[in-house]
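Heads up, the thing below is written out as structure tokens.
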Amino acid sequence: MSDIINTVILAAGKGTRLNIDKAKPLCPAMGQTLVDFVIQGIEGFSEKISETIEYNFVVGHEKEKVLRHITENYKNLSLSFAHQKEQLGTGHALQTFFESNPKAWGNEYTLVVCADTPLITSDVYLKLFDEIKDSNFDAVCACFITGNPTGYGRIEQKSIGFNIVEEKDATDQQKEITAVNSALYFFKTSHIKNYINQISNKNNSNELYLTDLFKEGFNVKTVSFSEEKLFLGVNNLVQLEEAESVLLQRKMESLMLSGVIIKNAKSQYIETQVDIKPKVVIYPNVSLKGKTTIASGAILEEGVIINNSEVGAGVKVRAYSYLEGAKISDDAVIGPMARLREGTIIEKNCKVGNFVEIKKAVLHEGSKVSHLSYVGDAQVGENTNIGCGFITCNYDGANKHKTIIGKNSFIGSDCQMIAPVTIGDEAYVGSGSTINKDVPDHAFAIARQRQVNKENMASRFIKKK
Ligand code: UD1
Ligand code: CA
């Protein structure tokens with residue numbers, strides 16, 4: 001016998017009850033998808049055992065998309081896909097796997113899990129695996145007691161073995177049973193081989209039920225888990241929200257235990273892939289999404305939203321700032337109410353103040369844009385100061401053009417740069433200038449009308465009521 005465990009992840013279903021435009025395995029959850037959490041739970045299990053796991057997916061609905069998502073994101077795993085053309089039931093899905101992987105009959109154990117149970121942890125897999133290895137049972141089924149068994153298969157215990165009765169087939173009396181099937185199983189592969197072709201679809205769903213591998217008289221066992229939440233099956237958007245709140249709570253707990261200071265944890269939204277180092281402080285109502293990283297000592301004030309961005313050590317992101325696809329280096333200060341868009345790079349010790357929008361631009365070390373400005377398609381040199389109300393006029397209606405500003409320069413308030421334009425090092429641009437010609441290093445540029453004062457003329461213009 002090999003030391004490979006067949007892991008079969010049932011992921012062919014459409015997820016009709018979700019009412020979204022995606023195959024169920026790809027249903028978005030906390031910045032990832034349902035199937036990601038199942039795979040990551042199994043990866044965690046794999047790290048705790050000496051056997052090798054093969055990840056086999058039974059795919060059907062939107063199979064190309066499901067396949068692409070998994071192959072792109074889990075290049076390091078041993079993956080295979082079996083195509084279930086028609087979804088004739090969970091038992092048929094398992095048949096489909098073995099038909100396309102006959103070699104798998106040679107592996108002693110088979111783990112079966114559904115793609116819609118994202119909360120199962122590595123410890124659950126481990127406990128179930130220990131149960132089948134250490135006992136003489138042919139199959140073990142994880143089950144739990146629930147206050148609301150509706151929709152789950154009921155476990156009807158018998159003196160030898162047990163039956164799993166699906167909701168649609170249950171009598172009123174069976175519906176009262178609160179012990180239910182989690183749809184997570186470990187089998188001796190030989191048990192599947194002996195019985196998989198005896199499953200029939202003579203039930204109220206006309207489906208081939210995988211649960212028929214457990215029957216009165218079979219040498220099978222239930223393993224009870226007390227934490228119902230571990231097995232939540234996501235069939236609709238209410239259950240998705242429940243699952244997401246568990247994932248969120250787990251994320252918050254692990255962050256806080258690692259040394260991240262979180263104020264009013266209940267108000268936060270932090271997706272699972274966000275990486276936050278110890279000594280970060282997060283004030284209420286912050287949203288952190290996608291592949292965001294926050295380095296040690298950063299402070300995120302109230303209402304900050306950050307998506308797919310890197311925030312350096314000691315950075316202060318002040319209240320209600322919105323960052324997307326931005327990279328902020330150490331000790332910079334952003335906001336309040338700044339908007340950093342895709343392609344923004346802010347180097348060390350820069351300052352971006354209130355009501356500043358930056359897009360596809362680099363602020364080199366120590367430069368400042370402190371108030372009410374738009375910096376797009378631009379480079380700003382080291383220690384350059386940009387005054388209030390600055391605008392890069394980067395778009396001519398058809399194309400985007402670049403503004404390049406050198407180091408140690410000073411740009412007065414209310415200036416516009418009509419791109420493409422270059423300002424040199426140690427240059428000075430007077431306030432209120434509209435610049436459309438390059439300014440050389442060390443030059444002073446001013447582009448506005450000279451002021452004229454007319455004595456005693458104000459009375460002609462001041463209106464009285
Ligand atoms: C299933 C169990 C039920 C258990 C519940 C726990 C069966 C018959 N019932 O019911 O006892 O309490 O899970 O959550 O197994 N799938 C396929 N091909 C198919 C049919 C389904 O790949 O032909 C996949 C689905 O994509 C899904 C999984 O199998 O990931 C489970 O199917 P689903 O329809 O959600 O089963 P439940 O009704 O929830
Ligand atoms: Ca389900």
Side-chain angles (χ1 to χ4, degrees), residues 7-18 22-27 29 33-39 56-63 65-67 70 81-100 112-120 124 139 141-146 148-156 162-170 174-175 177-185 187 196 199-215 222 225 228-240 242-243:
T7 298
V8 186
I9 300 159
L10 307 183
K14 187 174 179 190
T16 315
R17 291 166 281 178
L18 277 171
K22 282 193 158 82
K24 189 169 13 176
L26 300 184
C27 171
T33 70
L34 287 179
V35 74
D36 288 313
F37 293 102
V38 176
I39 298 171
N56 307 288
F57 298 83
V58 178
V59 291
H61 276 278
E62 299 202 9
K63 73 171 176 26
K65 284 187 190 160
V66 177
L67 196 146
I70 296 168
F81 297 88
H83 183 201
Q84 189 190 19
K85 292 189 187 71
E86 266 184 292
Q87 281 72 57
L88 303 177
T90 47
H92 178 251
L94 191 62
Q95 285 173 350
T96 306
F97 162 70
F98 280 103
E99 274 161 23
S100 51
V112 179
V113 59
C114 297
D116 67 349
T117 47
L119 303 180
I120 300 175
V124 173
C141 161
C143 78
F144 60 97
I145 307 285
T146 172
N148 179 15
T150 311
Y152 289 109
R154 313 298 203 278
I155 306 272
E156 197 181 40
F162 57 93
N163 293 319
I164 302 178
V165 187
E166 291 304 307
E167 176 85 27
K168 279 193 182 160
D169 306 301
Q174 286 167 326
K175 281 185 185 156
I177 300 174
T178 54
V180 296
N181 170 27
S182 71
L184 168 63
Y185 325 93
F187 295 97
I196 190 84
I199 294 177
S200 96
N201 65 354
K202 291 202 175 59
N203 51 55
N204 290 336
S205 306
N206 295 318
E207 283 186 8
L208 294 163
Y209 292 155
L210 173 58
T211 44
D212 285 354
L213 292 174
F214 298 90
K215 279 265 170 275
T222 54
F225 289 82
E228 173 179 351
K229 278 268 159 69
L230 291 168
F231 301 105
L232 179 71
V234 176
N235 298 318
N236 60 46
L237 292 180
V238 177
Q239 289 164 328
L240 176 67
E242 271 178 66

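What you see below is based on every heavy atom in this structure, not just the backbone, and it leaves out hydrogens, waters and symmetry mates. Every number for a ligand or one of its atoms is a count from 1 in the order of the listing.
- Of the possible donor and acceptor atoms, none in the side chain of Lys24 sits under 3.5 Å from a partner among the backbone N and O of His61.
- Nearest-heavy-atom check against atom 18 (N) of ligand 1 across Gln84, Gln87, Glu167, Glu86 picks out Gln84.
- With ligand atoms numbered from 1 in the order given, ligand 1 contributes 30 (O) to contacts under 4.0 Å with heavy atoms of Ala115.
- Between the side chain of Ser182 and the main chain of Leu184, a donor-acceptor pair closer than 3.5 Å is present.
- Side-chain rings of Phe187 and Phe214 approach one another, their centers coming within less than 6.0 Å.
- Within the 4.0 Å heavy-atom criterion, the part of Leu88 lying near ligand 1 is the backbone and not the side chain.
- Between Phe231 and Tyr152, the distance from one ring center to the other does not fall under 6.0 angstrom.
- Of the polar atoms of Ala183, none of the N or O atoms is found under 3.5 Å from an N or O of ligand 1, judged by distance alone.
- Within the 4.0 Å heavy-atom criterion, the part of Lys24 lying near ligand 1 is the side chain and not the backbone.
- Between Asp116 and ligand 1, at least one N/O pair is under 3.5 Å apart.
- Taking any N or O of Tyr185, backbone or side chain, none lies under 3.5 Å from an N or O belonging to ligand 1.
- Residue Gly233 has no N or O atom closer than 3.5 Å to an N or O atom of ligand 1.
- Using a 4.0 Å cut-off between heavy atoms, Thr211 contacts ligand 1 through its side chain alone, with no backbone atom that close.
- For atom 15 (O) of ligand 1, the nearest non-hydrogen atom from the set Thr90, Thr16, Leu10, Asn235 comes from Thr90.
- Checked by distance only, ligand 1 and Ala12 come closer than 3.5 Å through their nitrogen or oxygen atoms.
- An N or O contact shorter than 3.5 Å links Glu166 to ligand 1 by distance.
- Annotation: Cys114 places no N or O atom under 3.5 Å from an N or O atom of ligand 1; distance criterion only.
- By the criterion of a heavy-atom distance under 4.0 Å, the backbone of Ser182, and not its side chain, is placed next to ligand 1.
- For Lys215, the NZ atom counts as densely surrounded, since its 6.0 Å shell holds more than 12 non-hydrogen atoms of other residues, nucleotides or ligands.
- Here's the thing with Asn181: one of its N/O atoms is less than 3.5 angstrom from an N/O atom of ligand 1.
- By the 3.5 Å distance cut-off applied to N or O atoms, Ile164 is not counted among the residues near ligand 1.
- For the ring-ring contact (aromatic ring centres under 6.0 Å, His included) test, no residue two or more places apart in sequence or in another chain qualifies with Phe97.
- Ordered by chain and number, Asp116 OD2, Asn235 OD1 make up the set of protein N, O or S atoms under 3.0 Å of the Ca ion (ligand 2).
- Residue His92 does not touch ligand 1, judged by heavy-atom distances below 4.0 Å.
- With hydrogens and angles ignored, the 3.5 Å screen pairs a side-chain donor or acceptor of Asp169 with a backbone N or O of Asn204.
- For the pair Arg154 (side chain) and Lys175 (backbone), a donor-acceptor distance under 3.5 Å is present.
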